[in-house]
Amino acid sequence: MPVLDLPLARAAHYRAAHRRAEAGLVGDLLKELGTRVLVVRGNRAAMAGQRVALFAPDDVAHLAVGTHLFLGEADGVAYLAAVLADTEAEPELDVDWAGLRTIDEPDLAQGLVVEAIALAQWHAVHTHCPRCGTRTEVTQGGWVRHCPADGTNQFPRTDPAVIMAITDADDRLLLARGTQWAPGRRSVLAGFVEPGEGLEQAVVRETMEEVDVVVDPDSVEYRGSQSWPLPASLMLGFRARASTTRLVRQEDEIAEADWFTRDEVATAVADGELGLPGRASIARSLIEEWYGGRLED
């Protein structure tokens with residue numbers, strides 16, 4: 001069972017997948033006064049103050065919507081996402097906009113936003129049939145893109161990625177800085193799962209590739225997972241024990257890599273010399289689980 005309490009892995013609604021094939025589902029729900037609609041613009045959601053804005057259909061009927069998505073139901077209420085067609089133009093809507101890194105909501109709203117942004121990101125890059133190049137049509141409440149030319153259906157895809165807290169025999173944590181990151185920022189290692197590869201194999205391979213550290217395969221332990229739909233990842237969290245400690249960076253990906261004790265992490269964070277991943281990320285949860293408590297930025 002997963003152990004980590006992950007902000008983006010919570011949801012309090014039922015996706016009601018059985019309804020997606022209903023003819024005219026979205027149109028019918030937009031006519032119901034009780035339906036609630038959240039608005040997505042690129043990878044951000046409309047906010048009313050500190051809360052995700054949930055509108056009645058008539059309140060957002062004037063917006064230029066590219067796609068409506070059926071998200072599911074909760075307590076008798078149906079939820080849709082309205083994905084704006086033009087992410088550059090400022091919509092006529094008195095709201096703020098926030099991404100997943102900054103939204104801190106109860107489980108219902110958080111789960112709806114993660115689902116909506118994940119689907120919106122998929123639609124943004126899967127507009128044409130991969131077989132024949134014909135522009136596809138959105139069907140089944142936004143969960144299928146149908147090719148009218150060859151009759152094939154395309155479904156949302158999620159790319160599995162492993163993210164791992166690697167410790168040594170002295171329980172020091174391996175933290176690295178990516179080549180695109182600002183100085184001082186560190187995180188645990190991560191990487192995509194390759195075709196034909198198991199998750200545990202990916203943990204071992206990615207660690208070896210990025211820092212030349214050997215991981216004991218028997219030590220790899222699953223800790224939890226959460227969506228990271230920027231654009232389409234499912235982050236699968238692990239912790240594992242290294243058999244070696246000598247670090248040799250993959251220089252095109254890793255700018256810095258070091259082993260840290262708990263005292264070193266706490267001191268560097270307090271002094272502002274070490275920047276950790278945001279609280280919405282599974283990386284932060286893995287680091288704080290190893291540390292044994294909350295680290296204040």
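Position 1 is the first residue of the sequence, and the numbers go up from there.
- Note that the OG1 atom of Thr67 and the CG atom of Leu84 stand 10.0 Å from one another [nearest 0.5 Å].
- With hydrogens and angles ignored, the 3.5 Å screen pairs no side-chain donor or acceptor of Glu194 with any backbone N or O of Ala202.
- Atom CD of Glu88 has 12 or fewer heavy atoms from other residues, nucleotides or ligands within 6.0 Å.
- When side chains are defined from C-beta on, Val213 counts as touching Trp259, because their heavy atoms get closer than 4.5 Å.
- Salt bridge Arg172/Asp258: absent, no basic N to carboxylate O contact under 4.0 Å.
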Quiz item: Could you walk me through whether Asp218 and Arg241 pass the salt bridge (Lys or Arg N to Asp or Glu O under 4.0 Å) check?
Solution: CA-CA 9 Å; Asp218 293 333; Arg241 182 60 56 87; over 6 Å; no
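- Heavy-atom neighbours of Asp252 CG from other residues, nucleotides or ligands within 6.0 Å: above the threshold of 12.
- With hydrogens and angles disregarded, a donor-acceptor distance shorter than 3.5 Å links the side chain of Arg157 to the backbone of Phe155.
- The closest side-chain heavy-atom distance from Arg279 to Pro7 is not below 4.5 Å.
- Inspection of the Asp150 and Thr152 side chains reveals an N or O donor paired with an N or O acceptor under 3.5 Å.
- Remark: the backbone N or O of Gly99 is paired with a side-chain donor or acceptor of Thr102 at under 3.5 angstrom.
- For the atom pair CG (Leu189) and CG (Leu286), the distance works out to 11.0 Å, reported to the nearest 0.5 Å.
- Under the 3.5 Å distance criterion, the side-chain polar atoms of Arg249 are matched with a main-chain donor or acceptor of Ile254.
- A heavy-atom distance below 4.5 Å is found between the side chains of Glu209 and Arg205.
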Exercise. Dump the intermediate steps for salt bridge (Lys or Arg N to Asp or Glu O under 4.0 Å) on Glu256 and Arg186, then the final yes or no.
Key: CA-CA 8 Å; Glu256 296 178 283; Arg186 297 286 185 112; 3.6 Å; yes
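- In this structure a side-chain-to-backbone donor-acceptor pair under 3.5 Å is missing from Ser187 to Pro277.
- A salt bridge links Arg41 with Glu90: at least one charged nitrogen is closer than 4.0 Å to a carboxylate oxygen.
- Atom CD of Glu197 has more than 12 heavy atoms from other residues, nucleotides or ligands within 6.0 Å.
- Taking CG of Leu8 as the reference point, atom CD1 of Ile117 lies at 9.0 Å (rounded to 0.5 Å).
- Salt-bridge annotation for Asp28 and Arg19: absent, with no side-chain N of the basic residue lying under 4.0 Å from a carboxylate O of the acidic one.
- Geometric assessment of Arg262 against the ring of Trp290 yields a positive cation-pi assignment under the 6.0 Å and 45° thresholds.
- Side-chain contact between Trp122 and Pro229: absent, with no pair of heavy atoms (C-beta onward) separated by less than 4.5 Å.
- The backbone N or O of Val214 sits less than 3.5 Å from a side-chain atom of Thr244, completing a donor-acceptor pair.
- Put simply, the side chain of Tyr291 does not reach to within 4.5 Å of the side chain of Leu173, judged on heavy atoms.
- The backbone N or O of Val162 lies less than 3.5 Å from no partner atom in the side chain of Glu206, so there is not a single donor-acceptor pair.
- Under the 4.5 Å side-chain heavy-atom criterion for grouping Ile, Leu, Val, Met, Phe, Trp and Tyr, Leu174 is connected to Val203 within one hydrophobic cluster.
- With contacts defined as side-chain heavy-atom distances shorter than 4.5 Å, the pair Arg239/Thr167 does not qualify.
- Between Leu30 and Thr35 there is no side-chain heavy-atom pair separated by less than 4.5 Å.
- Side-chain N or O atoms of Arg223 include none that pairs as donor or acceptor with a backbone N or O of Met164 at under 3.5 Å.
- Pairs engaging residues 136-147 under the side-chain hydrogen bond (donor to acceptor under 3.5 Å, both in side chains) rule: His123-Arg145, Thr136-Arg145, His146-Asn153 [sequence neighbours left out].
- The distance from atom CZ of Arg36 to atom CG of Leu29, rounded to the nearest 0.5 Å, is 12.5 Å.
- The closest side-chain heavy-atom distance from Asn43 to Gln121 is below 4.5 Å.
- Salt bridge status for Glu105 with Arg51: present, with a side-chain N to carboxylate O gap under 4.0 Å.
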